[in-house]
Protein chains: 2
Amino acid sequence: MYAGGVNTPDRLIESTRELLWERGYVGTSPKAIQQHAGAGQGSMYHHFRGKPDLALAAINRTAEEMRAKAETEFTGPGSAIERITAYLRRERDVLKGCPIGRLTQDPDVMADRVLRQPVEQTLAWLRAQLAAILTDGRKRGEFDATLDPTATAATIVAVLQGGYVLARAARSTDPFEQAVNGILTLLAGHSPKRTP
Amino acid sequence: MYAGGVNTPDRLIESTRELLWERGYVGTSPKAIQQHAGAGQGSMYHHFRGKPDLALAAINRTAEEMRAKAETEFTGPGSAIERITAYLRRERDVLKGCPIGRLTQDPDVMADRVLRQPVEQTLAWLRAQLAAILTDGRKRGEFDATLDPTATAATIVAVLQGGYVLARAARSTDPFEQAVNGILTLLAGHSPKRTP
DNA sequence: GTCTATATCGAGATAGAC
DNA sequence: GTCTATCTCGATATAGAC
């Protein structure tokens, strides 16, 4: 109830965000949203045209929030590897997984151009940002020349997304943390300063 | 129709496997399974007690198949890095994702001990196998001492699972392949033979 | 074993009163 | 803006005939 929102449309959006995160699009009913938001049937259909409309508002807000959070770490102080470390080690609700990534498994979301778009864009943006940071780091001599920024960026985002999957399967954050530690160790090994 | 099975129970299981893969547990109805299998209502409920029972049979079969396939690559010829490469680069239906990993996003699956178990076990087994291969590789001098087999194994499985997510979001296999290339390059960089 | 009939419930929405 | 009534389907079965 009262999912953080001030007015009814806001509470409906916040409730939808939470339910989409926990149960996905297919598993979330209008009725469940209404109950979670403490809003009536008529109220919901007054403010939104239906489930897809409400879901779009929820997904957009989540995507925006995700980018804003990542941006503070990406544009923060420190070397490339430090900024990437800050991003990967940020406090997260690991067992709940990624609210955007999980939507890629939702057939009704992926079948809808409009709902799919923020998912597509957000993950593409993440990869691009990390690639830029890696390119920057390579210029500053943090990584050797064999490191491909685009490929490595995809690897890093994949480790996050896959780390969530492993954590959920194990019902433990351990595999997530191991995966993050693993990629950071491997990245450190690509420093030209390394003495084998 | 006729989802590869010979008899009715078999066709029902195969149909369930395909639908679970495409639409998940919540998004798959008994009716859809029956139509896909070309079986009637009564027929399905004669052979299986209901949707969870049928799903369990389907998930178990998928899990078994996944382990069998991975095992041929893990126990194949070649160095540790070669076996890992063979596993990661195997022909896959990348855009469909991992039929086991996707179940971690299914609230009704994760809420059921029995349905959850094969998911949990399969991914744990994968990590353990890769850790063993990495330990072996380190003993043979393929990797330097800083490489942690358990952490790196989690990273590798996460790259796969996350690579699927990125590919689905982009509706392209490119990010998957980039992620795989990225992790393989990073692993190669951890060879003690490397001259920086 | 398979078929059809029937039952209950929830999903997703529209209509019109207040 | 919000509420209640109502509607149509589909989800998920059970029962009993064939």
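In what follows, every chain begins at residue 1, and chains take the letters A, B, ... in the order their sequences are listed. Here the structure is a predicted model, which is why all the values come from computation and not from measurement.
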What is the distance from [atom1] of [X] to [atom2] of [N], rounded to the nearest Å?
| X | N | atom1 | atom2 | value |
| --- | --- | --- | --- | --- |
| A:Q35 | C:dA11 | CD | P | 9 Å |
| A:D53 | C:dA13 | CG | C1' | 14 Å |
| A:F48 | C:dT14 | CZ | C1' | 18 Å |
| A:Q34 | C:dG10 | CD | C1' | 12 Å |

When all nucleic acid strands are considered with a 4.0 Å heavy-atom cut-off, which category describes B:G40: base, sugar-phosphate, or nothing?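 Result for B:G40 = sugar-phosphate.
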With the threshold set at under 4.0 Å for non-hydrogen atoms, list the residues of residues 21-32 of chain B touching DNA chain D in residue-number order.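 Residues of residues 21-32 of chain B under 4.0 Å from DNA chain D: B:T28, B:S29, B:P30, B:K31.
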Range on DNA chain D touched by chain A, heavy atoms, distance below 4.0 Å: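 Footprint of chain A along DNA chain D, 5' to 3': D:dG1 to D:dT4.
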Inspect the contact between B:R61 and B:E64 and indicate whether a charged nitrogen and a carboxylate oxygen are less than 4.0 angstrom apart.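 Between B:R61 and B:E64 there is no salt bridge, as every charged N stays at least 4.0 Å from the carboxylate O atoms.
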Sidechain N-carboxylate O distance under 4.0 Å for B:D144, B:R138: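 No salt bridge links B:D144 with B:R138.
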Looking at residues at least two apart in the chain, or sitting in another chain, which of them share a salt bridge (Lys or Arg N to Asp or Glu O under 4.0 Å) with A:R90?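 A:R90 satisfies salt bridge (Lys or Arg N to Asp or Glu O under 4.0 Å) with A:E73 only.
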Side-chain donor-acceptor pairs of residues 43-56 of chain A under 3.5 Å, sequence neighbours excluded:
from: A:K51; atom 1: NZ; to: A:Y25; atom 2: O; distance (Å): 2.9
from: A:K51; atom 1: NZ; to: A:T28; atom 2: O; distance (Å): 2.7
from: A:D53; atom 1: OD2; to: A:R49; atom 2: N; distance (Å): 3.0

Taking the six-membered ring of B:W125, is the NZ or CZ of B:R67 close enough (under 6.0 Å from the centre) and on axis enough (within 45°)?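 That pair qualifies as a cation-pi contact.
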Do we see a donor-acceptor contact under 3.5 Å between the side chains of A:Y164 and A:R92?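 Short answer, yes.
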Please enumerate all residues that pass side chain to side chain donor-acceptor pair (under 3.5 Å) together with B:E18, with sequence neighbours excluded.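 Expected list: B:H36.
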Identify all side-chain donor-acceptor contacts of residues 109-117 of chain A below 3.5 Å with residues at least two apart in sequence or on another chain.
from: A:D112; atom 1: OD1; to: A:V114; atom 2: N; distance (Å): 2.9
from: A:D112; atom 1: OD1; to: A:L115; atom 2: N; distance (Å): 3.4
from: A:R116; atom 1: NH1; to: A:M110; atom 2: O; distance (Å): 2.7

